[in-house]
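Step one of this worksheet: look at the structure below.
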There are 2 protein chains.
Amino acid sequence: MATATTESISVNLINALDDRGLRRTSARAAVTSRIEQISDAFTAEQLCRELPGVGRATVYRTIRHLVDAGALCKLPILDGAPKYSIARVEHHHHTICSRCGAVGEFRHSTVERVMRSLGKEIDGDIVGHRMEIFITCNSCLAASRSGESGG
Amino acid sequence: MATATTESISVNLINALDDRGLRRTSARAAVTSRIEQISDAFTAEQLCRELPGVGRATVYRTIRHLVDAGALCKLPILDGAPKYSIARVEHHHHTICSRCGAVGEFRHSTVERVMRSLGKEIDGDIVGHRMEIFITCNSCLAASRSGESGG
DNA sequence: ATGCTAATTGATACTTGATATCAATTGATA
DNA sequence: TATCAATTGATATCAAGTATCAATTAGCAT
């Protein structure tokens, strides 16, 4: 989605856990390798459903470790559970389809430049930012076009 | 906070409900007038606590109506319940203090201009956007400065 | 003003998302 | 291999929010 690069995913999520001094367990291997297989953003419950052999608590705990390690980014969804996606690039923002909920990523230097100019207008120290663009994605657009005659 | 204007709040939230064909009830009056008194962003639970005479369900329902009417904006908080603030200006963004959670508002034309240029790079139709700036607010900065000697 | 009726209320039960508990299990090291 | 702390996962619990539904009430017609 957007200008999503096709760079091969060499992320080894389990290494991110390793680096934090956490043990290599079969449960963690199952969770991380499943996440690596998922191309879209996912919810914790989705992962639980897809990994019935791993306890719910462990799935949630592992996700939390990965977020703490910076290997996953957690993005809040209005009216729903947060979604997670692999933090492939250092800093990026998200597109969220307001119809189907599909999440994409983008990067734009101007966004970062704007942040600097905003610094002068805002009281306090800026420590980070998040931008979300709500879209109607191409497949939803196509779907609504083909079903338009229905009224 | 930020460049918060001191413009008198002439918002009459209950009118927003009126406009949607909803009845003027004492419960709704209690909820809306309480919201108008709160200067900061608030959570639904906070409102329930402050209005023990109004049922929880009614508080949540009224908030939902106000959001639907565009009179409140709902902003997602990572690791917590969403906060609501009166939509005083047509379009704006938020600053969130990552220490104390205080929410402020700002407006910057460049942000809107960037959106237009992003339109070319993003697949699908842009239907909206949201930007949040994470800050350490001045009072938290002051607090940490005065306690700095502690080590 | 009075009665009528549909909208509204709120106590309660429930749903969903997520965390705490803790006995049983397991990985890493000596 | 023995040891022991880290980890697991079933279960209970918590928190945020919604559905239910009998009782109440606002707004209208008269």
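A note on names: the letters A, B, ... follow the listed sequences, proteins ahead of strands, and every chain is numbered from 1. Quick caveat: nothing in here was measured; it's all calculated off a predicted structure.
- Under a hydrophobic-cluster definition in which Ile, Leu, Val, Met, Phe, Trp and Tyr are linked whenever side-chain heavy atoms come within less than 4.5 Å, directly or via other members, B:L51 and B:I14 are assigned to different clusters.
- In this structure, B:R61 atom CZ and D:dG17 atom C1' are separated by 12 Å, rounded to whole Å.
- Going from atom NE2 of B:H65 over to atom P of D:dT18 covers 11 Å, rounded to whole Å.
- Note that CG of B:L22 is 9.0 Å distant from OG1 of B:T62, once rounded to the nearest 0.5 Å.
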Task: Steps toward side-chain contact (heavy atoms from CB on, under 4.5 Å) verdict (A:E112, A:H93) - done: CA-CA 11 Å; A:E112 315 312 314; A:H93 298 288; 3.3 Å; yes

Open item on the list: B:N12 vs B:E36, test: side-chain contact (heavy atoms from CB on, under 4.5 Å). Steps then yes/no.
Closed with: CA-CA 8 Å; B:N12 235 321; B:E36 284 162 15; 4.1 Å; yes

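- Each of A:P82 and A:S26 was assigned the nucleotide of DNA chain C with the nearest heavy atom; the assignment lying further toward the 5' end belongs to A:P82.
- Under the Watson-Crick or G-U wobble criterion, with both distances below 3.5 Å, C:dT26 is paired with D:dA5.
- To the nearest angstrom, P of D:dG17 lies 7 Å from NZ of B:K74.
- As rounded to whole Å, 15 Å separates atom P of D:dA16 from atom CG of B:L78.
- Taking 4.0 Å as the cut-off between side-chain N and carboxylate O, B:K83 and B:D40 do not count as a salt-bridged pair.
- Toward the 5′ end of DNA chain D lies the nearest nucleotide of A:R23, the other residue of the pair A:R23 and A:D79 mapping further downstream.
- Nucleotides of DNA chain D nearest to B:R24 and A:A57 differ in position, and the one nearer the 5' end is that of A:A57.
- Counting non-hydrogen atoms of other residues, nucleotides and ligands closer than 6.0 Å to CZ of A:R56 gives a total of 12 or fewer.
- Residue-level contact check: B:T25 touches the backbone only, with heavy atoms under 4.0 Å from sugar-phosphate atoms and none from bases.
- Counting to the nearest Å, the P atom of D:dC28 and the CG atom of B:L22 are 14 Å from each other.
- B:G80 comes within contact range of no nucleotide atom at all, as no heavy-atom separation falls under 4.0 Å.
- At a threshold of 4.5 Å between side-chain heavy atoms, the hydrophobic network of Ile, Leu, Val, Met, Phe, Trp and Tyr places B:M115 and A:I135 in one connected group.
- Mapping heavy-atom proximity under 4.0 Å, the span of DNA chain C touched by chain B runs 5' to 3' from C:dA6 to C:dA11.
- At D:dT18, none of the side-chain N or O atoms of B:Y60 fall inside 4.0 Å of OP1 or OP2 (strictly under the cut-off).
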